[in-house]
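Treat the numbers as computed from the prediction; the structure is a model and nothing was measured. If you read the sequence from its start, that first residue is 1, and numbering goes on from there. Remember, it's 1-based here, ligands and their atoms both numbered in the order they're listed.
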Amino acid sequence: MWHDSQMTRVEHWVVAQRQGQIAALNMLGQREKFDAVPFFWSQHYDVPINYVGHAEQWDEITVDGDIKTKDCLLKYKHKGRVLAVASIFRDLASLEAEVKMEHGAAL
Ligand SMILES: Cc1cc2nc3c(=O)[nH]c(=O)nc-3n(C[C@H](O)[C@H](O)[C@H](O)COP(=O)(O)OP(=O)(O)OC[C@H]3O[C@@H](n4cnc5c(N)ncnc54)[C@H](O)[C@@H]3O)c2cc1C
């Protein structure tokens, strides 16, 4: 569950790993909520794509940088709010976006 308490199915392994950690803590008696920001990366030949957040619908995509030269950060927005970020060779920006989303900060 993430963002406005929506139930979200994310089929990527970092999310699966983090869910396993929370499930294990709860089996040991802790009462932890799973609210990690969804994250995945995917390698497409020489193009690694990092994706943070979850956007099923958006009304705007902003592009910082250049997709063709494989140096970019895309923001998927709905009504001005950033729901997800996809990047190519912008690992630090991707991690920073994840931290901001974790804290509910605006991007
Ligand atoms: C081709 C492909 C490419 C992918 N690429 C990416 C990627 O680039 N990035 C990314 O983040 N994710 C990727 N994924 C998704 C990622 O692999 C899955 O989301 C993740 O592995 C899910 O983890 P899981 O533990 O929930 O399930 P699984 O990894 O499927 O593990 C389930 C385990 O349970 C076992 N099992 C099933 N039934 C039983 C049973 N009855 N008894 C005992 N054991 C059982 C299975 O054998 C399996 O070992 C990819 C998936 C595929 C198929």
Side chain to side chain, Lys70 and Asp46, heavy atoms closer than 4.5 Å: yes
Can you confirm whether Phe39 sits close enough to Leu95 that some side-chain heavy atom of one is under 4.5 Å from a side-chain heavy atom of the other? no
Knowing that exactly one of Ile88, Val85, Ile67 qualifies, which makes a side chain to side chain contact (heavy atoms under 4.5 Å, CB included) with Leu74? Ile67
Does a sphere of radius 6.0 Å around NE2 in His44 hold more than 12 heavy atoms from other residues, nucleotides or ligands, not counting ones at 6.0 Å or beyond? yes
Return yes when at least one protein heavy atom is under 4.0 Å from [atom], and no when none is.
atom	value
atom 29 (O) of ligand 1	no
atom 42 (N) of ligand 1	no
atom 52 (C) of ligand 1	no
atom 46 (C) of ligand 1	no
atom 19 (O) of ligand 1	yes

Atom indices of ligand 1 within 4.0 angstrom of Phe40 heavy atoms, with elements: 11 (O)
What atoms of ligand 1 come closer than 4.0 angstrom to any heavy atom of Ser42? 8 (O)
Give me the residue, atom name and distance of the protein heavy atom closest to [atom].
atom	result
atom 15 (C) of ligand 1	Glu11 O, 3.5 Å
atom 23 (O) of ligand 1	Ala16 CB, 3.4 Å
atom 9 (N) of ligand 1	Trp41 O, 3.1 Å
atom 17 (O) of ligand 1	Trp13 CB, 4.4 Å
atom 10 (C) of ligand 1	His12 ND1, 3.3 Å

So that I can tick it off, tell me whether Glu98 and Arg18 are bridged by a salt bridge, with the cut-off set at under 4.0 angstrom between side-chain N and carboxylate O. yes
Do the charged groups of Asp71 and Arg90 touch, with an N to O distance under 4.0 Å? yes
Would you say Gln43 has any N or O atom under 3.5 Å from an N or O of ligand 1, going by distance alone? no
Rounded to the nearest 0.5 Å, the NE2 atom of His12 sits from the NE2 atom of His54 at a distance of 9.5 Å
State the CD1-CD distance between Ile22 and Gln17, to the nearest 0.5 angstrom. 12.0 Å
Over all heavy atoms of both residues, which pair between Pro38 and Val15 is shortest? Give the atoms and the distance, please. CA-CG2, 3.9 Å
